[in-house]
Amino acid sequence: MIIKPLSVESGFFCTFVYMHKTEINNEFSLLDQLNRAQRAAVEFCDGPSLVIAGAGSGKTRVLTHKIAYLLELGLPPYYILALTFTNKAAREMKSRIAELVGEKKARSLWMGTFHSIFARILRKEADSIGFQSNFTIFDSSDSHNLVKLIIKDMNLDDKQYRPGHVHGQISRAKNSLITPTMYAANTEIIQYDNRARQPQIFEIYKRYQNRLRAANSMDFDDLLMYTNILFRDHKEILDKYRNQFQYILVDEYQDTNFAQHLIVKQLADEHHRVCVVGDDAQSIYSFRGANIDNILNFKSTFPETKVFKLEQNYRSTQNIVNAANSLIKKNTEQIAKDVFSENEVGEKMEVISTFSDFEEGLVVANKIARMRLENHSAYSDFAILYRTNAQSRIFEDSLRKKNIPYRIYGGKSFYQRKEIKDVIAYFRLIVNPSDEEAFRRIINYPARGIGDVTVGKVSSAATLHQKSLWEIISTPIDYNLNVNSGTQKRLKAFYDLICEFIDKNESLNAFELAQEVLKKSGIAHEAYQDLTPEGMSRSQNIQELLNAINEFVSTRQEQGEEEIGLVDFLSEVSLLTDQDTDKEEEAEKVTLMTVHSAKGLEFNNVFVVGMEEDLFPSSMTKSEIRGLEEERRLFYVAITRARKTCTITYARSRFKNGQTTSAVESRFLREIDPAYIYMESNSSFSTATTDKAVDFWGTMREQRLQRESRTDKNIYSERSDRSSFKAGPSTGRLVSVHNSSSSMPLSKEAKELEEGDIIEHERFGQGEVTSIEMSGNDRRAIVEFESAGRKQLLLKFAKFKIIGKK
DNA sequence: AACCGATGACTTTTT
DNA sequence: GTCATCGGTT
């Protein structure tokens with residue numbers, strides 16, 4: 001066993017290695033739980049290693065066992081740095097390690113997200129980079145607001161400089177460790193901005209960064225950038241952490257950006273005891289700066305890297321694994337691997353084509369209801385995965401109609417809600433009065449007669465004198481603040497209010513102070529008075545926040561920790577996101593989420609919906625090969641979430657941005673080896689010519705469908721259970737009926753239909769044809785339905801079966 | 001300054 | 001369909 005030259009802690013690590021040699025044979029039942037590849041990856045501890053972990057191959061198992069193994073060997077937990085991508089992943093891993101080695105050890109591990117770990121370190125070392133340790137962390141909406149403000153200040157057109165886009169550009173710069181100065185000096189970037197008609201971005205970036213610093217605040221990206229600056233400029237601090245973190249593990253390495261990669265590299269640069277785990281095939285966060293090259297080229301960072309490949313998939317059936325493999329093979333940039341499954345062969349993936357997004361919703365809801373009964377599954381065995389959050393609505397509707405309970409992820413997280421952000425803004429200002437965003441948020445909330453005009457005056461005075469807004473209102477006279485005496489009074493009242501809180505912050509814990517703030521600020525009063533449903537829910541949320549603070553304080557008190565102030569609560573909370581706050585209601589519900597948020601999860605039955613060109617792959621990513629390959633990986637991630645079955649749907653027309661648009665099935669569908677796909681025989685992929693006709697009429701029909709659905713909601717739900725269209729797997733499914741009526745000129749059914757026929761319509765149930773007439777070139781039937789009443793059906797598009805004659 | 005209603009623009013993913 | 005902004009009114 002070769003040991004790298006070690007720095008200060010080498011004495012310890014030799015002990016560690018010695019124990020390794022002597023005790024390995026009998027002591028470690030840990031290793032018995034692993035297959036050969038996993039075990040090899042766990043056992044290799046004295047050099048850099050790269051673990052390529054295919055989907056479902058037991059990646060977390062390797063990580064947790066590896067950490068447990070290091071601990072069993074005697075490495076103290078606080079010498080181990082384990083970085084994850086989400087707080088949730090860190091928590092789960094921690095609890096799994098606790099099961100292996102005990103709560104106490106697990107708790108002292110340095111385990112968390114890049115952002116939370118390095119925020120912790122930055123607070124400790126804040127002095128060295130000119131910040132105060134109580135700095136605020138701006139979330140993306142804070143950043144967005146600030147960018148918008150700056151654009152306004154600079155008198156730029158916010159149509160030309162869209163705040164979101166500008167912030168994205170700044171964010172990318174930061175992730176690549178490009179400071180404002182470097183940005184302005186980089187001719188390539190400047191030329192790019194010029195071409196994009198946004199030549200002022202460099203200036204916005206500069207001001208943005210200055211404003212953040214003036215507010216003693218950092219955005220998400222700063223946490224990584226300043227960590228790098230800290231390490232670059234303070235060798236002694238870098239050394240300190242290098243020595244502390246004797247072993248470094250990184251999960252989801254394919255999703256790291258350059259700033260993160262460099263942090264890892266610097267920390268591991270001397271001892272090289274670093275293990276990164278990931279799957280290049282699941283790299284899906286490049287839009288956020290993640291760089292797949294970090295994992296592809298890890299070997300060039302540490303040339304002696306040992307590569308382990310976990311290739312056995314324990315999650316999915318062979319069909320699913322093989323289908324996913326055949327898809328991902330189309331990517332050019334990847335690490336060769338051979339993922340296989342020894343589970344049952346399983347069912348083929350089913351591809352279902354529907355006429356519209358609306359119908360897609362129905363089909364999926366129906367299929368879930370049917371599968372649940374047939375296979376005795378729980379609702380929680382099902383997940384509907386989509387590319388964009390906007391797609392969720394239609395499934396919510398269709399599931400609701402069928403009384404299928406669902407849980408939807410995404411959307412506004414708890415801490416993003418207005419009322420919560422407002423309350424938190426008070427906390428932020430108390431802890432860090434320089435926090436400009438917080439100041440602006442609450443200066444007139446609840447309404448206290450300080451409007452935009454006044455804030456504008458304060459703001460320009462602040463810019464003029466290079467002071468924070470807070471300092472201006474603390475002594476307005478010093479800065480010639482030109483406001484009338486009434487306004488002056490009101491400003492003073494606000495200032496005094498916050499000062500009172502700041503005083504109390506010395507003695508009160510977070511919960512006590514929070515109650516005080518709610519009471520004295522008038523928030524509680526206002527919330528109490530608002531009896532509208534929205535108002536009630538706002539009050540509830542605020543109450544919820546109060547509960548969370550209470551819990552925070554009491555659990556910390558129980559554990560004998562002193563850090564129970566508002567600062568401590570804020571620093572814990574500012575990096576939490578929606579996924580971390582959900583109460584683990586392991587309810588019996590269907591899961592709805594984006595493919596992105598499904599990463600790392602698994603379900604027995606997965607529906608990947610909306611597989612259409614310009615949606616999946618998204619139109620925004622298609623221009624570049626890299627973008628397209630990422631979309632393919634995203635699809636790969638979606639498929640590999642499934643244990644037993646995977647159903648893919650696409651709609652040939654879809655309501656998008658306020659209008660119905662036509663759609664073609666995703667190119668990715670053709671890329672899957674047909675051997676693993678099951679598709680209705682008459683539902684072959686469409687060709688360009690039929691599409692045009694279908695799309696035009698599809699639009700018309702779609703509009704009608706939506707009108708009808710509005711008027712006949714209850715009727716549909718009554719009928720749907722008995723509808724013969726959704727009978728057993730072998731008989732005609734909804735889809736097949738569709739295809740015959742839509743992709744072909746005219747179905748047999750439609751041609752032969754005559755007066756007096758009894759039909760079964762997908763939506764309206766049974767009815768009798770009372771007459772048939774011409775409508776332009778098309779035939780139209782007037783049908784008297786049993787429960788839905790009289791309807792006109794354009795036979796070209798109607799979805800029905802003839803079931804008899806009168 | 002607050003409220004209201006109308007209008008217009010935009011929607012990929014999120015630590 | 002949503003959000004955000006604008007302009008008008010009170």
Side-chain angles (χ1 to χ4, degrees), chain A residues 83-90 112-119 137-141 143-145 148 152 158-159 162-165 167-168 171 174-175 218-224 251-252 255-257 259-260 283-290 357 385-394 396-397 409-413 415-416 418 443-456 484 486-487 490 574-580 593-600 610 614-622 627 630-631 633-635 637-638 654-661 706:
Chain A
L83 298 166
T84 60
F85 194 61
T86 64
N87 290 302
K88 194 174 160 206
T113 61
F114 273 90
H115 291 86
S116 66
I117 293 282
F118 294 109
I137 297 171
F138 273 33
D139 70 14
S140 9
S141 78
S143 302
H144 184 90
N145 290 342
K148 204 158 74 184
K152 216 173 214 165
D158 64 356
K159 304 243 161 59
R162 294 220 310 282
H165 179 256
H167 180 236
S171 178
K174 289 185 176 183
N175 288 161
M218 295 190 195
D219 67 13
F220 283 142
D221 307 314
D222 282 338
L223 295 172
L224 305 174
D251 190 15
E252 308 278 20
D255 287 326
T256 53
N257 59 37
Q260 291 166 321
S283 165
I284 55 173
Y285 281 103
S286 75
F287 68 93
R288 203 165 83 186
D357 49 358
L385 309 181
Y386 34 77
R387 178 69 239 267
T388 68
N389 277 311
Q391 290 165 257
S392 70
R393 162 164 260 98
I394 217 137
E396 294 181 66
D397 289 347
Y409 288 74
K412 290 255 170 318
S413 86
Y415 287 99
Q416 311 262 34
K418 248 185 242 99
I443 178 75
N444 200 30
Y445 172 81
R448 50 173 69 87
I450 303 172
D452 290 346
V453 179
T454 307
V455 174
N484 64 38
T487 307
R490 290 190 281 258
S574 51
L575 287 169
L576 288 187
T577 49
D578 47 343
Q579 310 229 331
D580 307 309
M593 54 168 61
T594 63
V595 181
H596 278 90
S597 36
K599 196 174 78 160
D614 291 331
L615 183 61
F616 202 163
S618 155
S619 55
M620 332 224 24
T621 57
K622 290 206 313 188
E630 174 147 320
E631 294 286 302
R633 291 192 295 268
L634 193 56
F635 188 30
V637 168
R654 176 172 297 277
F655 200 70
K656 225 181 190 175
N657 303 343
Q659 56 179 345
T660 308
T661 55
Q706 297 215 326

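Below, chains carry the letters A, B, ... as their sequence lines are ordered, and counting in each starts from 1. As the structure is a computational prediction, the values presented were derived from the model and not from experiment.
Ring geometry, A/Phe220 versus A/His115: the interplanar angle exceeds 60°, so the pair is classed perpendicular (tilted spans 30 to 60°).
Distances shown here put every side-chain N or O of A/Ser140 at or beyond 4.0 Å from the OP1 or OP2 atom of B/dT15. Between A/Ser597 and B/dT13 there is no side-chain N or O to OP1 or OP2 distance below 4.0 Å. OP1 or OP2 of B/dT11 has at least one side-chain nitrogen or oxygen of A/Arg162 nearer than 4.0 Å. OP1 or OP2 of B/dT14 sits under 4.0 Å from a side-chain N or O of A/Asn389.
Computed from coordinates, the A/His115 NE2 to B/dT15 C1' distance equals 5 Å when rounded to whole Å. Here the C1' atom of nucleotide C/dA4 and the NZ atom of A/Lys418 are 11 Å apart, to the nearest Å. The CG atom of A/Asp219 sits 15 Å away from the P atom of B/dT15 (whole-angstrom rounding). The nearest whole Å value for the distance from the NE2 atom in A/His144 to the C1' atom in B/dT11 is 13 Å. Spacing between atom CE of A/Met593 and atom P of B/dT14 amounts to 10 Å, rounded to whole angstrom units. The NE2-C1' distance, from A/His596 to B/dT14, rounds to 8 Å in whole Å. Rounded to whole angstrom, the span from the CG atom of A/Leu575 across to the P atom of B/dT14 amounts to 17 Å. Rounded to whole Å, atom P of B/dT13 lies 13 Å from atom CD of A/Glu630.
A 4.5 Å side-chain heavy-atom check between A/Asp219 and A/His167 finds at least one atom pair inside the cut-off. Side-chain contact between A/His596 and A/Phe287 is present, with at least one heavy-atom pair separated by less than 4.5 Å. Counting heavy atoms from C-beta on, the side chains of A/Gln391 and A/Arg387 come closer than 4.5 Å.
Residue A/Ser618 places its side chain closer to B/dT12 than to any other of B/dT13, B/dT11, B/dT12. With B/dT15, B/dC10, C/dT2 as the candidates, the nucleotide lying closest to the side chain of A/Thr113 is B/dT15. Each of B/dT13, B/dT15, C/dA4 was ranked by its minimum atom distance to the side chain of A/Lys148; first place goes to C/dA4. In this structure, of B/dT11, B/dT15, C/dT5, it is B/dT11 that holds the atom nearest to the side chain of A/Met620.
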- [ ] For A/Asp221 and A/Ser171, run side chain to side chain donor-acceptor pair (under 3.5 Å): C-alpha distance rounded to whole Å, both residues' side-chain angles, the deciding distance at 0.1 Å, then the answer.
- [x] CA-CA 6 Å; A/Asp221 307 314; A/Ser171 178; 2.8 Å; yes
Open item on the list: Go through it in stages, so that I can follow the logic: the residues are A/Thr487 and A/Asn484, the test is side chain to side chain donor-acceptor pair (under 3.5 Å), and I'd like the CA-CA distance, side-chain angles, deciding distance and then a yes or no.
Closed with: CA-CA 5 Å; A/Thr487 307; A/Asn484 64 38; 2.8 Å; yes
Task: ring pair (Phe, Tyr, Trp, His ring centres under 6.0 Å) evaluation trace for A/Phe138 with A/His144 - done: CA-CA 9 Å; A/Phe138 273 33; A/His144 184 90; over 10 Å; no
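Within 4.0 Å of A/Thr621, counting heavy atoms only, lies at least one base atom of the nucleic acid. Among the heavy atoms of the strands lying under 4.0 Å from A/Phe85 are primed sugar atoms or P, OP1, OP2 only; no base atom is included.
Of the residues near DNA chain B, A/Arg387 and A/Gln260, the one whose nearest nucleotide (by heavy atom distance) lies more toward the 5' end is A/Arg387.
Only the P atoms considered, B/dT13 is 15 Å distant from C/dA4, to the nearest whole Å.
Crowding of A/Asp452 atom CG: a count of heavy atoms from other residues, nucleotides or ligands under 6.0 Å not exceeding 12.
Residue side chain A/Arg288 does not reach the base of B/dT13 through any donor-acceptor N/O pair under 3.5 Å, judged by distance alone.
Residue-nucleotide stacking is present for A/Phe287 and B/dT13, judged by a side-chain ring centre under 5.5 Å from the six-membered base ring centre and planes under 30° apart.
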List, with names and distances, any nitrogen or oxygen atoms from the protein found under 3.5 Å away from nitrogen or oxygen atoms belonging to nucleotides 1-5 of chain B.
| unit_1 | atom_1 | unit_2 | atom_2 | d |
| --- | --- | --- | --- | --- |
| B/dA1 | OP1 | A/Gly451 | N | 3.2 |
| B/dA2 | OP1 | A/Asn444 | ND2 | 3.1 |
| B/dA2 | OP2 | A/Asn444 | ND2 | 3.4 |

